[in-house]
Amino acid sequence: MNFSNKLISWYLQNNRDLPWRKTKNPYFVWLSEIMLQQTRVAQGMSYYLKFTETFPTIFDLAKADESTILKMWQGLGYYSRARNLHFTAKHIVSEFNGEFPSTYATIIKLKGIGDYTASAIASICFDEPTAVVDGNVYRVLSRYFGIDTPINSSKGIKEFKELAQTLLDENQSGTYNQAIMDFGAIQCKPKKPLCMFCPFNESCVAYQKNKIDVLPVKEKKLKVKKRYFNYLVVKTDDNNTILNERKGKGIWQGLYQFPLIESDKIINKDELISLEEFINFFPEATTISLYNKKEIVHKLSHQHLYTQFWVIETATLSKAKIDWKSVEKYPVPVLIANFLEDFLSKK
DNA sequence: AAAACGGGGAG
DNA sequence: CTCCCAGTTTT
């Protein structure tokens, strides 16, 4: 048996029972693929079920408010996925009358869809023989063929895509693509792969040469920036607060947060109230207290956010328009959601 | 070509 | 703690 036949044979006995595999409806497949970008199946599952229930068709998704979609996406991360998802839903409804494009070439033009997702949808839904290359595929191929080209280099991306395409079973491309991904996720795992009873172990270069732990090769690691966040949690006498939407570049676009003052280090109360930014915000005397005695470190892939929440109790404030009872309706970063859960439980 | 973009789970 | 997950977009 050749590589792809053996892989599909493995898949028929070991595949995961996943809800988006019960259909070839491109809307559902697209939804699952976007949610699972850089996201584990276990983490994305509940979101997929919630979205398909709330938005049974692409028309329902297109009709929704962006804020509603972001709120439902809250906690899943990489929020540009949710915004692009909404944009593309509206685009497909208005430009294509709701009919999903059916070829790789047309699918990849959609916002939020790159080579991987276009290949996945084209093969799974429309039987177009386009090979997917995700993290699983890089790992399986680099190990089995003993390829040490860095998977995140231009050369590696090209090389692995071409290899994947030659291995693809063109008569069942969707099944093959899902087979190699499941194989990577279940058998050929990043750590402690199950080589002892792997159907490929006799012909796997990495296993035979004892290079399982060095493949795939990935070059350079990212540097993490430290930032210092001071959130001003306003609580007026008439039970209002202030939330701002994050706009422009950077993290958490479209999500809401308390007024933020960023500093260059951890600061104390005296330092906070002497900052020009703070004085401009609260000219009047107010009661200020630090909510978390020890700074909260919220870790993102590229930055560590050292965060202090300052509770500011004051008289009625014209800028404070948001009733505390409605705060939890806004889409917020997990950092803010965690704070709210604790803060609101102690009232 | 490199950096930015979230959050969580495994080891 | 480090690594990495059904990657894409922006710089």
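Values reported hereafter were calculated over all heavy atoms of this structure, with side chains retained and with hydrogens, waters and symmetry mates removed. Per chain, numbering begins at 1; letters A, B, ... match sequence-line order.
- Comparing A:Lys249 and A:Arg16, the nucleotide of DNA chain C nearest to each residue sits closer to the 5' end for A:Arg16.
- Considering only side-chain N and O atoms, A:Thr117 lies under 4.0 angstrom from the phosphate OP1 or OP2 of C:dT8.
- Between A:Phe309 and A:Phe258, the angle of the ring planes goes over 60°, which puts this pair in the perpendicular group of the 30/60° scheme.
- If you take atom C1' in B:dG8 and the same atom in C:dT9, they sit 23 Å apart, rounded to whole Å.
- With hydrogens and angles left out, the side-chain atoms of A:Asp134 and A:Asn136 include a donor and acceptor closer than 3.5 Å.
- We find that CD1 of A:Ile151 is positioned 16 Å from C1' of B:dA2, with the value rounded to whole Å.
- Relative to the side chain of A:Lys299, the nucleotides C:dC1, C:dA6, C:dT9 differ in distance, and C:dC1 lies closest.
- Along DNA chain B, the nucleotide nearest A:Lys192 and the nucleotide nearest A:Ser301 are compared for position; the residue whose nucleotide lies closer to the 5' end is A:Ser301.
- Nearest-nucleotide positions on DNA chain B for A:Val332 and A:Lys155 put A:Lys155 closer to the 5' end.
- As rounded to whole Å, 15 Å separates atom P of B:dA4 from atom CZ of A:Arg246.
- A cation-pi arrangement, defined by a distance under 6.0 Å to the six-membered ring centre and an angle within 45 degrees of its axis, is present between A:Lys319 and A:Phe281.
- The side chain of A:Glu219 lies closest to B:dA2 when the candidates are B:dA2, B:dC5, C:dA6.
- Distance, A:Tyr116 OH to C:dC5 C1': 11 Å, rounded to whole Å.
- Listed candidates were B:dG11, C:dA6, B:dG7. Nearest to the side chain of A:Lys191 is B:dG11.
- Between A:Asp182 atom CG and C:dC5 atom P the separation is 14 Å, expressed in whole Å.
- A ring-centre distance under 6.0 Å is found for A:Phe3 and A:Phe200.
- Between C:dC5, B:dC5, B:dG7, one nucleotide has an atom nearer to the side chain of A:Pro190 than all others, and that is C:dC5.
- Residues A:Glu128 and A:Thr103 bring no donor and acceptor atom of their side chains to less than 3.5 Å of each other.
- Within the structure, a side-chain polar atom (N or O) of A:Gln38 is placed less than 4.0 Å from OP1 or OP2 of C:dG7.
- Checking C:dA6, B:dA2, B:dG7 against the side-chain heavy atoms of A:Val41 singles out C:dA6 as nearest.
- Residue A:Arg81 contributes atom CZ, which lies 14 Å from atom P of C:dC5 at whole-angstrom precision.
- As rounded to the nearest Å, C:dC5 and B:dC5 have C1' atoms that lie 14 Å from one another.
- Remark: the backbone N or O of A:Thr149 is not paired with any side-chain donor or acceptor of A:Glu219 at under 3.5 angstrom.
- Relative orientation of the A:Phe87 and A:His91 rings is parallel, given thresholds of 30° and 60° on the angle between their planes.
- A:Ser67 and A:Asp65 form no side-chain donor-acceptor contact under 3.5 Å, judged by distance and modelled atom types alone.
- For C:dC4, neither phosphate oxygen OP1 nor OP2 lies less than 4.0 angstrom from any side-chain nitrogen or oxygen of A:Arg139.
- Spacing between atom CD1 of A:Ile251 and atom P of B:dG7 amounts to 8 Å, rounded to whole angstrom units.
- Of the side-chain N and O atoms in A:Trp252, one or more sit less than 4.0 angstrom from OP1 or OP2 of B:dG7.
- As rounded to the nearest Å, B:dG6 and C:dT11 have P atoms that lie 14 Å from one another.
- Side-chain atoms of A:Arg40 and base atoms of B:dA10 include no donor and acceptor less than 3.5 Å apart.
- The side chain of A:Tyr138 contributes no N or O atom lying less than 4.0 Å from OP1 or OP2 of C:dG7.
- Counting non-hydrogen atoms under 4.0 angstrom, A:Gly184 reaches nothing in the nucleic acid.
- Defined by atom type and a distance below 3.5 Å, a donor-acceptor pair is present between the side-chain atoms of A:Tyr116 and A:Glu33.
- Shown for residues 64-77 of chain A: residues whose heavy atoms fall under 4.0 angstrom of DNA chain B, namely A:Gly75, A:Leu76, A:Gly77.
- With rounding to whole Å, A:Leu215 atom CG is found 16 Å from C:dC3 atom P.
- Taking the P atoms as reference points, B:dG9 lies 24 Å from C:dT8, given to the whole Å.
- Rounding to whole angstrom units, CG of residue A:Leu85 and P of B:dC5 are separated by 21 Å.
- As judged by a 4.0 angstrom heavy-atom cut-off over every strand, A:Asn177 is placed among residues making no nucleic acid contact.
- You'll find that the side chain of A:Gln37 is closest to C:dG7, out of C:dA6, B:dC5, C:dG7.
- Distances shorter than 4.0 Å separate none of the side-chain N or O atoms of A:His302 from OP1 or OP2 on B:dA3.
- Proximity of A:Gln303 to the phosphate of B:dC5: a side-chain N or O atom is located under 4.0 Å from OP1 or OP2.
- For A:Gln178, taking side-chain heavy atoms from C-beta onward, the closest of the listed nucleotides C:dC5, C:dA6, B:dC5 is C:dA6.
- In terms of phosphate contacts, A:Lys189 brings no side-chain nitrogen or oxygen within less than 4.0 Å of OP1 or OP2 of B:dA10.
- Taking 3.5 Å as the limit, the base of B:dG6 and the side chain of A:Thr39 contain a donor-acceptor pair of atoms between them.
- Nearest to the side chain of A:Lys223, among C:dA6, B:dG7, B:dA3, sits B:dA3.
- Within the nucleic acid shown, A:Leu18 comes within 4.0 Å of at least one base atom, counting heavy atoms only.
- Counting atom types as modelled, A:Tyr78 pairs a side-chain N or O with a base atom of B:dG6 as donor and acceptor under 3.5 Å.
- When the shell of 6.0 Å around CD of A:Glu262 is examined, it contains more than 12 heavy atoms from other residues, nucleotides or ligands.
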